[in-house]
Amino acid sequence: YRDLHTFELQAPTRLIEWACGNRVCVAGYGQSDGNEILQLIPPPTLLTKETQGLCPERDFKVECGGFSERPVYSLKYVPDTSLLVTSGPPDSSLQVWQVSVEDSDVIKSVSTLATENGTGESWAKIATISARAPWVLHGSRLDRVQITEVESRKNVYTSDIQGKPNVLFLERGSEELSGLAFLDCNTLLLCCATGRLCLADIRQPQSLVEAVSVPSAPCSEQWCMGTRHGAQALEPSSQPVARLSSRGLLTLTDLRNTTEFLALAKARVPSPGSGAEFLCVSWAPALEGYLAISGFDGTVHVYDMQSWDSSGGEAEPVFVHKGHAFGGAGGSGDVPLVTVHTWHLQKPRTLLSAANDGSLHVWDWVQPCGKC
Amino acid sequence: MPEIKVTPLGAGQDVGRSCILVSIAGKNVMLDCGMHMGYNDDRRFPDFSYITQNGRLTDFLDCVIISHFHLDHCGALPYFSEMVGYDGPIYMTHPTKAICPILLEDYRKITVDKKGETNFFTSQMIKDCMKKVVAVHLHQTVQVDEELEIKAYYAGHVLGAAMFQIKVGCESVVYTGDYNMTPDRHLGAAWIDKCRPDLLITESTYATTIRDSKRCRERDFLKKVHETVERGGKVLIPVFALGRAQELCILLETFWERMNLKAPIYFSTGLTEKANHYYKLFITWTNQKIRKTFVQRNMFEFKHIKAFDRAFADNPGPMVVFATPGMLHAGQSLQIFRKWAGNEKNMVIMPGYCVQGTVGHKILSGQRKLEMEGRQILEVKMQVEYMSFSAHADAKGIMQLIRQAEPRNVLLVHGEAKKMEFLKQKIEQEFHVSCFMPANGETTTIVTNPCIPVDISLGLLKREAAIGPVPDAKKPKLMHGTLLMKDNSFRLVSPEQALKELGLAEHQLRFTCRVHIQDPRKEHETVLRVYNHLKGILKDYSVQHLPDGSITVESILIQATAHSEDQGTKVLLVSWTYQDEELGSYLTSLLKKGLPQST
């Protein structure tokens, strides 16, 4: 490590979102009521380029907070507005909040975007964009994806059109989504828990391009995806999309050529025991070709995919963060499980990770073999 | 309405110069008397004119309580007691009483000697002020007067810091001062019992902070020290005589042992003896671990840490030195600093806040060329580091304390208004209590619901018990009696007994009502009609027709006379005593309805 800071949140979080002004947002998911959404100002050590050892301001500060009546599983800021959107069980509706730091330090609940809830509907995955207007893309199942304008609450797009459902959906049934993203203001990326990855153009609701399927597995495994958000304006479709399975399989797909894999590898992770709830894969925004995975145990792995091929062989991580496994109460037997991780937007090797014991780590790893 | 009034004179919605005025059941208490370290003029003192414009403070205030020795809690005490004028008792814990004068004198020296101020308290004033101090033990109930009592609780934070409970009758307030809910190497965590005060006044400075783990900070501190020592440099750590110094010593000692380091660590002369002396005296104030090990081996006698001699400063090679005073403003630490400042291999680590005007403050602000006595310029090439190990409660800690004490209301001090709204809501939601955050000079009134114990006479109790069902201990019961308040005692007695005791005669009240009845017959016939009518209706009552022509219903008397002007109308006089009010009114309304035709 070059640097490691450990913090303890009052309640564990399963999301870490960056907001403008280098703010970080976390939220509780444990209780049925009284979960807190906290917007934090990271300590100056994280904001400066050089690391300082004994800087006086080493703590996160809670800039503002809100109270959510339901567990917060997903949170996204709406760009160019002072709003953020959250989702969580028991249904797929969304909550809209307002952040106004100058007036008070309370994040106020503004409205709820209700959705039609079918049976067995779980919580919605969300993504936001402010292209033509502040939009939120949300849905919990492949055939129930919508884009809603945040302020007017108007539905701009649904995957289910006027009773004539998309043939593709009908064929395969409605699968549960594990993630979705805006590729640009017209293109959506949808990832199902089965591993299926689809591209949708909102101007042509009927058409859907499916990317190469993930290898089928002997036992059921869950998948999630990670897309790269660069610090600079990168051509979105040129960035490969990673898919991670609960068995540790990683597939990389180039969206310009979706018929085959760009690369395939297997991460060395413990055999699934903890389920796929906190599976997380993300690309480094300031480092070319690096990604990180977590959700299997108390560690976060960092990989350099540039040496990978399509063979599916085992990949060696460049770095493994084990801090959460050691940080805990010690001796209590329960090893903490990392719930989420994210990369710092500017500092190339700095990551933030959180675990289900409430710990929050900020760490800066050093390239082991000297190539920087 | 019984109420508690709280007015912060300082630390209302800002940090520094803590001073809170509390009015509880007619008693006035001042909590802390701090100095604001950021100002140089009168703004550094709390505004005492809020207390009383023209009266004498000694007459108005029942006592002053100081929570701990930090200057932002006791710095204005000598000014207050000697220059503004207060002669009443000042309460603080024993360690605070021992340490306060040292820090006050230190501070006085800097302000007057270094900064040349004139309107400041003198050394003699500090001494006179401390003469008014009454020291208290933890968990000891101290009677300030017949009605007011106070009790100190362990607060952690620094040696001798305490939280105070102020109680008058059954109303109470708990003031936390600065406290810490996580134990560290030399102090335990704050603790209070479920005393359920009407109000808990707590600081909220660090409520919005999510602290870096202590392990990380310690690791970084050790890394810096190690790096410096490895390259042959010298590390200077200016400390106050007590407090964090012990913590850092323990930390270094353990590290040196583990890493098998050879560089010497020194503790400057005077510090060792004083520190050990104080810690031995106040061993009960440190945490469990230390107390246990102290029995086996004195934790404050170190294997690797030796007493310092002035000459050592010139020795070549690496070393670590703890020296007083803490802000590099005078004495040994400044001497050593001047010797080592020119070498970039060396390092100085400032462990706490430095007052403006001191060398410590200057170098922390980035100054690298300092003017010393005799116009000498000192170039500072050594590394300057600042590290804060101060222990305050964060949001989690505050919630923990509230959970322990179970107050009915909470008041927040020491934080900025806009940044306390979230905490306020958090407290209100979780504990369903009201949460207040007044600004300086603003008075918050808290309505209390005190229980007033009253003695009830046996006779009254027996009488009440005979009436209804057996009283349920959990349900309130409505009773009639007479409340006698005499000489601070309350007694509930029956009216008869009260009359007797007070030597009063009982008065009888009798009501008479006239009811007009249309009846042309003679009076005695009307009476008969009425009698039969009432007899028929009031079967459970004793209705009698007396020989003198009147009717009695129980003790109520009914007589009939003819109307003076109209022979066809009879006037019934219905008369009853106050005790028979209910029956009397009933009868009257019954008769007003008229008599049935046939009788």
Side-chain angles (χ1 to χ4, degrees), chain A residues 1-11 13 24 26 31 33-46 51-69 99-108 323 326-328 330 354 358-363, chain B residues 182 204-228 237 347-354 364-365 383-390 392 394-400 415-431:
Chain A
Y1 289 103
R2 181 177 290 129
D3 220 352
L4 167 64
H5 295 263
T6 62
F7 300 86
E8 203 181 300
L9 297 171
Q10 211 175 326
T13 181
V24 166
V26 295
Q31 300 152 207
D33 189 3
N35 289 291
E36 290 179 359
I37 300 170
L38 300 172
Q39 180 170 294
L40 311 173
I41 306 176
T45 38
L46 286 195
T51 39
Q52 294 165 293
L54 294 176
C55 181
E57 294 301 331
R58 302 167 58 98
D59 309 316
F60 271 92
K61 285 224 176 3
V62 176
E63 191 178 25
C64 48
F67 298 98
S68 169
E69 282 169 6
V99 181
S100 45
V101 178
E102 309 78 36
D103 299 329
S104 102
D105 66 341
V106 178
I107 300 177
K108 295 190 184 57
F326 294 117
S359 56
L360 177 68
H361 291 187
V362 182
W363 40 285
Chain B
T182 44
S204 55
T205 331
Y206 282 71
T208 52
T209 309
I210 295 178
R211 305 212 76 192
D212 185 2
S213 78
K214 203 151 77 84
R215 216 187 295 166
C216 282
R217 269 176 285 143
E218 286 180 349
R219 182 203 64 219
D220 287 347
F221 165 70
L222 291 171
K223 194 163 124 185
K224 290 273 164 180
V225 171
H226 192 195
E227 277 170 5
T228 308
I237 308 176
M347 180 186 285
V348 61
I349 303 179
M350 308 297 300
Y353 181 87
C354 289
L364 282 178
S365 322
Q383 277 190 268
V384 178
E385 294 284 346
Y386 169 73
M387 141 205 88
S388 162
F389 277 93
S390 90
H392 283 256
D394 58 7
K396 186 164 155 189
I398 297 174
M399 303 301 273
Q400 253 179 303
E416 290 173 49
K418 266 200 301 202
K419 302 213 180 117
M420 294 204 282
E421 183 67 39
F422 181 56
L423 177 66
K424 175 176 184 297
Q425 279 196 16
K426 199 167 140 126
I427 293 173
E428 286 176 340
Q429 280 186 9
E430 174 138 356
F431 300 109

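Just so we're on the same page: letters track the sequence lines, and every chain starts at 1.
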Given heavy-atom pairs under 4.5 angstrom as the criterion, report whether the side chain, backbone, both or neither of B/K223 touches chain A.
side chain
Given that the side chain runs from C-beta out, which part of A/L38 has a heavy atom under 4.5 Å from chain B: side chain, backbone, both or neither?
side chain
Could you have a look at A/V106, A/D105, A/L360, A/L9 and say which one has the most heavy-atom pairs with chain B under 4.5 angstrom?
A/D105
Heavy atoms from other residues, nucleotides or ligands near CD of A/E69 exceed 12 (cutoff 6.0 Å)
no
Proximal component of A/E36, with respect to chain B [non-hydrogen, under 4.5 Å]
side chain
Where on B/K424 is there a heavy atom nearer than 4.5 Å to chain A: the side chain, the backbone, both, or neither?
neither
Take A/T6 and A/S359 through the side chain to side chain contact (heavy atoms under 4.5 Å, CB included) test and state the conclusion after the steps.
CA-CA 7 Å; A/T6 62; A/S359 56; over 6 Å; no
Run the side chain to side chain contact (heavy atoms under 4.5 Å, CB included) test on A/Q39 and A/V101 for me, step by step, so that the C-alpha distance in whole Å, both residues' side-chain angles and the decisive distance to 0.1 Å come before the verdict.
CA-CA 10 Å; A/Q39 180 170 294; A/V101 178; 4.0 Å; yes
If you define the side chain from C-beta out and look only at heavy atoms, does anything of B/M350 sit under 4.5 Å from B/V348?
yes
Once you measure the plane-to-plane angle for A/F60 and A/F7, does it fall in the parallel (<30°), tilted (30-60°) or perpendicular (>60°) bin?
perpendicular
Side chain, backbone, both or neither: which part of B/Q425 has a non-hydrogen atom closer than 4.5 Å to chain A?
both
